[in-house]
Amino acid sequence: PPLYVAMWMKNTLVALDMLFVNADGCVIKVRHDAQPQSLDTISADGRVALVVELKGGVATALGIGVGDRVRRPQAGWPGSDRACQRSP
């Protein structure tokens, strides 16, 4: 089930982009280039079903942003085709 999550970068040696994804598969927040070994808390502003971690800079390079959809076809996820809200 979707949860409120908080993460940090302790013991992580490379910068990461984090995609926070809700139960409908919609990206609700992107944290770009989270700093390695930082103890700062990184969280979404709502419940998430999935956090996708990418090498820092990949989200920008691929144009991934709030309102994009993450799909896992092999898992049949997400089960909803509800439209995602894009950021203005």
Side-chain angles (χ1 to χ4, degrees):
L3 302 169
Y4 291 101
V5 299
M7 305 172 77
W8 61 13
M9 295 289 289
K10 181 179 180 180
N11 299 324
T12 304
L13 303 178
V14 297
L16 295 176
D17 292 343
M18 296 178 186
L19 311 178
F20 292 86
V21 183
N22 70 15
D24 293 324
C26 302
V27 176
I28 62 168
K29 181 176 180 176
V30 179
R31 174 63 159 94
H32 296 277
D33 292 310
Q35 294 304 306
Q37 301 187 11
S38 172
L39 296 180
D40 293 341
T41 301
I42 303 166
S43 60
D45 298 328
R47 294 179 183 190
V48 297
L50 183 69
V51 179
V52 178
E53 296 178 346
L54 305 169
K55 181 179 176 185
V58 169
T60 298
L62 296 177
I64 299 170
V66 171
D68 287 331
R69 185 173 307 275
V70 173
R71 297 186 192 276
R72 297 177 61 204
Q74 301 86 348
W77 189 87
S80 167
D81 283 332
R82 202 174 298 163
C84 295
Q85 298 290 336
R86 298 222 178 260
S87 62

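- Counting heavy atoms from C-beta on, the side chains of Asp45 and Phe20 never come closer than 4.5 Å.
- The two residues Ala59 and Leu54 have their closest heavy-atom pair at N-CD1, 4.4 Å.
- Closest approach of Lys29 and Ala44 over heavy atoms only: CD-CA, 3.8 Å.
- For Val14, the side-chain contact (heavy atoms from CB on, under 4.5 Å) test picks out Leu16, with sequence neighbours left out.
- Checked against salt bridge (charged side-chain N to carboxylate O under 4.0 Å, His left out), Asp81 has the following partners two or more places apart in sequence or in another chain: Arg71.
- Taking each heavy atom of Ala23 and Pro2 in turn, the nearest pair found is CB-CG, 3.6 Å.
- Alongside Leu39, the hydrophobic cluster contains Trp8 (criterion: ILVMFWY side chains under 4.5 Å).
- A continuous path of hydrophobic side-chain contacts links Val30 to Val21 [ILVMFWY only; heavy atoms under 4.5 Å].
- Linking Ile, Leu, Val, Met, Phe, Trp and Tyr whenever their side-chain heavy atoms come within less than 4.5 Å puts Val52 and Val27 in one cluster.
- Take Arg82 and apply the side chain to side chain donor-acceptor pair (under 3.5 Å) test, not counting sequence neighbours, and it matches Asp24.
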Verdict with supporting geometry, Met9 and Ile42, side-chain contact (heavy atoms from CB on, under 4.5 Å):
CA-CA 9 Å; Met9 295 289 289; Ile42 303 166; 4.1 Å; yes

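- Rounding to the nearest 0.5 angstrom, the gap separating the CG atom in Asn22 from the CZ atom in Arg47 is 12.0 Å.
- Applying the side-chain contact (heavy atoms from CB on, under 4.5 Å) rule to Ala75 yields the partners Arg72, Trp77; only residues at least two apart in sequence or on another chain are considered.
- Cluster membership for Val5 and Ile28, using ILVMFWY side-chain heavy atoms within less than 4.5 angstrom, is shared.
- Checking side-chain atoms of Gln85 against main-chain N and O of Ala83 turns up no donor-acceptor pair under 3.5 Å.
- Contact check for Arg31 versus Met7: no side-chain heavy atoms found under the 4.5 Å cut-off.
- Of all heavy-atom pairs spanning Asp68 and Ile64, the tightest one is OD2-CA, 3.3 Å.
- Hydrophobic clustering (ILVMFWY, side-chain heavy atoms < 4.5 Å, transitive): Leu62 and Val66 are in distinct clusters.
- In this structure Asp17 satisfies the side chain to side chain donor-acceptor pair (under 3.5 Å) test with no other residue, sequence neighbours excluded.
- Both Leu3 and Val51 are assigned to one and the same hydrophobic cluster, defined by single-linkage of ILVMFWY side chains at heavy-atom distances under 4.5 Å.
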